[in-house]
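Data block below; observations after.
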Protein chains: 2
Amino acid sequence: MDEVDHGPMTAGETADARSESVKPEDVKRGSGVSLWKQIAETLEAEIASGARKPGARLPVEAELAERFGVNRHTVRRALSVLGERGLIEATAGRGTFVKEPPLRYPIGARTRFSEIVLASGREPHGRFLGSQVEDASVEVARELGVAPGTKVLRIDTTHEADGVPISCGSAWFVHARCQDLDLVYAATGSLTRALSTLGIIDFRRKETRLTARVADERERGLLSLAMGRSVMVVERVDVDVAGVPLQWGRSSFAADRVQLVIKP
Amino acid sequence: MDEVDHGPMTAGETADARSESVKPEDVKRGSGVSLWKQIAETLEAEIASGARKPGARLPVEAELAERFGVNRHTVRRALSVLGERGLIEATAGRGTFVKEPPLRYPIGARTRFSEIVLASGREPHGRFLGSQVEDASVEVARELGVAPGTKVLRIDTTHEADGVPISCGSAWFVHARCQDLDLVYAATGSLTRALSTLGIIDFRRKETRLTARVADERERGLLSLAMGRSVMVVERVDVDVAGVPLQWGRSSFAADRVQLVIKP
DNA sequence: ATACATTTGTACGTATGTATT
DNA sequence: GAATACATACGTACAAATGTA
């Protein structure tokens with residue numbers, strides 16, 4: 001795929017039709033590297049070098065298109081990947097801005113967060129971020145064993161240990177069964193206690209699933225992670241004594257601050 | 001195949017009458033939800049429901065565009081997000097395919113790679129990379145419960161399922177106890193069988209520790225991972241029936257091909 | 001080995017919606 | 001309300017990769 005070849009490639013236009021008042025900067029057409037990629041890399045380099053500081057506004061798309069001598073869509077494609085990587089943020093009507101990096105990068109001494117989290121699911125004190133009643137997506141419905149579209153309650157939380165953010169995530173409950181669970185949780189910070197107020201005093205972990213990936217923008221913010229760090233994504237299903245799914249949740253753990261320990 | 005002619009076709013609003021010769025399925029224009037999102041969710045639901053099985057080829061973009069009554073670009077945008085989420089994979093000239101779900105890899109007291117892979121209906125394969133007798137480092141010594149400097153045998157391996165690399169790693173054994181274990185392993189490709197030739201027919205997992213990070217260069221090579229992908233690093237201690245440490249190992253799993261599963 | 005059809009990928013062009021200033 | 005700027009959507013053309021006759 002990296003074999004460079006010739007190929008004029010002029011899609012739909014003669015190259016010299018461009019006005020002389022603007023120099024088509026940087027990008028090399030037919031170089032084997034797509035224009036949007038070259039543009040993305042150029043802009044990223046400008047941000048990384050400090051030439052564009054956090055908070056600074058980028059030139060508008062039309063202007064960038066002119067600068068690189070490409071169509072606005074080509075610029076948008078480049079901006080899109082930078083946006084996904086959390087380097088910039090665009091708002092309709094305002095503009096596109098270089099994002100501030102997360103403020104703190106707490107030390108990454110690998111705490112053995114351990115059995116507590118995985119084995120029992122009884123997580124230590126958490127911080128309530130918010131909650132919402134929503135229609136169950138296909139995924140949530142499958143995990144909770146209900147029909148898609150069923151009303152479910154989502155609770156978003158983070159967890160810290162000694163002030164260091166450890167994890168963030170969401171848990172879903174069948175709303176009909178867990179009316180106002182979020183209020184109690186917000187007050188107590190303990191899921192176990194919140195559930196007990198609903199008369200659910202016993203439930204057990206049915207399954208825990210683990211995978212990992214690079215932290216996305218939201219996770220970087222909540223967990224104060226630098227770009228390119230990894231999170232472990234933990235999915236869990238809790239069932240009541242009858243074996244009926246009670247909650248399904250997905251949390252992201254800052255991989256370089258935690259070591260999950262599993263004992264059979 | 002003749003083209004449907006619906007006049008000037010003003011983009012955006014005017015959810016007016018379209019030609020009846022093609023039924024514009026599902027998507028609701030001007031509903032506040034963008035078309036590409038509706039299409040992405042529809043396709044995702046079809047995959048999740050099993051209507052489109054792993055390995056199956058999706059209709060070509062033009063066909064999907066016709067089905068939903070949108071432009072090919074709108075379909076591409078939808079496919080793009082599904083691709084980023086790892087649900088599908090597109091190759092120029094071939095088509096777009098539903099990806100295999102990650103291999104479920106149970107972590108328990110007696111899980112053996114070959115059994116796990118076989119249970120999922122795939123063909124397991126352990127590859128012997130090499131072995132070496134070395135002096136136990138502080139870490140290895142601690143984990144194996146011996147004095148630092150003790151002779152230990154290191155075996156490097158990779159594992160694949162149906163030819164897809166799953167993990168790579170090293171395992172350490174007390175050399176005095178595991179003379180020529182590497183030779184048998186290299187011949188059989190099975191650790192379980194290799195140990196049985198030494199009279200060790202039963203052992204169990206004492207502990208598993210988990211963390212994650214971005215794959216390094218060696219891992220990228222062994223696991224065919226692109227830059228920036230994550231690995232889950234699994235450290236494990238196996239003990240014999242007497243509870244004496246038998247092996248300590250550290251393996252890196254391709255995070256997007258494996259889902260580690262823990263059941264209580 | 002070559003030519004061709006198929007299918008995804010890149011790029012440009014145009015129009016309009018929608019949020020912000 | 002008007003101007004600005006990003007967001008969505010349609011349309012067209014060709015390049016590049018793949019598979020096949």
Side-chain angles (χ1 to χ4, degrees), chain A residues 1-18 24 27-40 57-66 68-84 88-97, chain B residues 1 3-16 18-19 22 24 27-40 57-66 68-84 88-97:
Chain A
M1 89 153 76
D2 33 335
E3 285 306 77
V4 186
D5 64 346
H6 40 70
M9 155 161 189
T10 71
E13 179 175 351
T14 51
D16 53 324
R18 225 172 284 106
V27 294
K28 287 182 275 290
R29 304 178 102 88
S31 69
V33 184
S34 48
L35 298 182
W36 63 263
K37 208 164 196 172
Q38 296 181 48
I39 294 170
R57 181 177 161 177
L58 291 183
V60 302
E61 294 171 350
E63 200 175 321
L64 287 172
E66 200 185 0
F68 291 106
V70 301
N71 186 272
R72 187 179 147 226
H73 285 316
T74 309
V75 166
R76 277 182 65 73
R77 173 105 195 236
L79 293 178
S80 146
V81 307
L82 296 184
E84 273 160 26
I88 62 174
E89 184 166 38
T91 319
R94 284 200 340 126
T96 307
F97 301 84
Chain B
M1 184 55 78
E3 240 254 88
V4 189
D5 173 22
H6 31 58
M9 183 56 190
T10 61
E13 195 74 43
T14 66
D16 54 319
R18 179 185 322 280
S19 163
V22 182
V27 294
K28 286 182 276 291
R29 304 178 100 89
S31 68
V33 183
S34 49
L35 297 180
W36 63 263
K37 206 163 197 173
Q38 295 181 49
I39 293 169
R57 181 178 165 179
L58 291 184
V60 301
E61 293 170 350
E63 201 175 322
L64 287 172
E66 199 186 0
F68 291 107
V70 301
N71 187 272
R72 187 182 148 219
H73 286 316
T74 310
V75 166
R76 277 181 65 74
R77 173 100 196 242
L79 293 178
S80 144
V81 307
L82 296 184
E84 273 161 26
I88 61 174
E89 187 164 38
T91 316
R94 286 203 336 126
T96 308
F97 300 84

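Numbers restart at 1 for each chain; the letters A, B, ... are given by sequence-line order, proteins then strands.
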(message) Output the rounded distance in Å from NE2 (A:His73) to P (D:dT8).
(response) 12 Å
(request) Would you mind reading off the distance between B:Glu61 atom CD and D:dA16 atom C1', rounded to a whole angstrom? (result) 14 Å
(message) As a test of reading the structure: which of D:dT8, C:dC12, D:dC6 is closest to the side chain of A:Ala90, going by heavy atoms?
(response) D:dC6
(message) In this structure, how many angstroms lie between the C1' atom of C:dA11 and the NZ atom of A:Lys37, rounded?
(response) 16 Å
(request) Assign each of B:Leu58 and A:Thr91 to its nearest nucleotide of DNA chain C by heavy atoms, then name whichever residue's nucleotide is nearer the 5' end. (result) B:Leu58
(message) Quick check for you: among C:dG13, C:dA11, C:dT10, whose closest atom lies nearest to any side-chain atom of A:Leu35?
(response) C:dA11
(request) Rounded to the nearest angstrom, tell me the gap between atom CH2 in B:Trp36 and atom C1' in D:dT8. (result) 10 Å
(request) Provide the closest heavy-atom pair for B:Gln38 versus B:Val33 in the form atom of the first, atom of the second, distance. (result) NE2-O, 2.9 Å
(message) Rounding to an integer number of Å, can you tell me how far A:Arg72 CZ sits from D:dT4 C1'?
(response) 12 Å
(request) Please give the nucleotide sitting opposite C:dA1 as a Watson-Crick or G-U wobble pair, both distances under 3.5 Å, or none. (result) none
(request) Grab the two heavy atoms, one from B:Trp36 and one from B:Thr74, that are nearest each other, plus how far apart they are. (result) CB-O, 3.6 Å
(request) Identify the heavy atoms of A:Ala78 and A:Ala40 that sit nearest to each other, and give their distance. (result) CB-N, 3.7 Å
(request) Would you give the length of the straight line joining atom OG1 of B:Thr96 to atom CD of B:Glu89, rounded to the nearest 0.5 angstrom? (result) 9.5 Å
(message) Quick check for you: among C:dT21, C:dC12, C:dT7, whose closest atom lies nearest to any side-chain atom of A:Arg94?
(response) C:dT21
(request) Rounded to the nearest angstrom, tell me the gap between atom NZ in B:Lys28 and atom C1' in D:dT8. (result) 18 Å
(request) To the nearest Å, give me how far apart CG (A:Asn71) and P (C:dA15) are. (result) 13 Å
(request) Ignoring backbone atoms, test whether A:Thr96 places a side-chain nitrogen or oxygen under 4.0 Å from the OP1 or OP2 oxygen of D:dC6. (result) yes
(message) Distance check needed: D:dC6 C1' versus A:Arg57 CZ, whole Å only.
(response) 10 Å
(request) Among the candidates C:dT10, D:dA17, D:dT8, find the nucleotide nearest to the side-chain atoms of B:Ala92. (result) D:dA17
(request) Could you check whether B:Arg76 gets within reach of a base, just the sugar-phosphate, or nothing at all, counting any heavy atom under 4.0 Å? (result) base
(request) Could you tell me whether the phosphate oxygens of C:dC12, OP1 or OP2, come under 4.0 Å of any side-chain nitrogen or oxygen in A:Arg29? (result) yes
(request) Measure the CG-CG distance between A:Leu79 and A:Leu64 for me, rounded to the nearest 0.5 Å. (result) 6.0 Å
